[in-house]
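Below is one structure; the comments refer to it alone.
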Amino acid sequence: MNLQGRCACGAVRYKLTADPLIVHACHCLDCQRITGGAFVINMWIESRCVEADRSGLKSYLLKGGSGQKHEVFFCPTCGTYVWSKYHIAPGDCLFVRAGTLDDPSVIKPDVHIFTRSKVPWLELPKDARKFESIYQIRNVWPAASLQRLDQSAGAPA
Ligand SMILES: [Zn+2]
Ligand SMILES: [Zn+2]
């Protein structure tokens, strides 16, 4: 997959050097607020697989639904949110917004999370994997992704 993207003004550009570990569609209220949309599509990937000049990015600290910190990174010129770091998530990983890809159509959510706050008019596909809130990584992720996470985290998920 060609996973390159940028912010609206182009000052921030990035390239993912591997496929995402998993792709979340998150329907939580924080994600609705910071995107201004019905949900966000996040590509969960190791930080080291995100090639970018990070020096120009600004960040803002939110308190996530879990009570743990959620740090949102954005371009200070145009304000586009390009990725997040969830302090509760294992491993040194980022959640990159799939909507900022040059071609967002190459990405499809593997799971829908926080569907308890999903907007009522949106109907998810019948075969979609969905969770009211979060889920157990070990029960959901493919083996190859679990292995990669273990390598990046050094801690059990
Ligand atoms: Zn920008
Ligand atoms: Zn969310």
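Counting begins at 1 with the first residue of the sequence. Each ligand, and each atom within it, is numbered from 1 in the order the structure gives.
Aromatic ring orientation, Y86 versus F95: perpendicular (interplanar angle above 60°, classes split at 30° and 60°). Ring geometry for F39 against H27 counts as tilted: the plane angle lies between 30° and 60°, on a 0 to 90° scale.
Put simply, the side chain of L16 reaches to within 4.5 Å of the side chain of V50, judged on heavy atoms. Residues L21 and R148 meet the side-chain proximity criterion, which asks for heavy atoms closer than 4.5 Å.
Atom CH2 of W83 sits about 11.0 Å away from atom CD1 of I45, to the nearest 0.5 Å.
For the Zn ion (ligand 2), the set of protein N/O/S atoms nearer than 2.8 Å consists of C26 SG, C28 SG, C31 SG, ordered by chain and number.
In this structure, H24 has its ring center no closer than 6.0 Å to that of F114.
With the Zn ion (ligand 1) at the apex, C75 SG and C9 SG define an angle of roughly 110° (rounded to 10 degrees).
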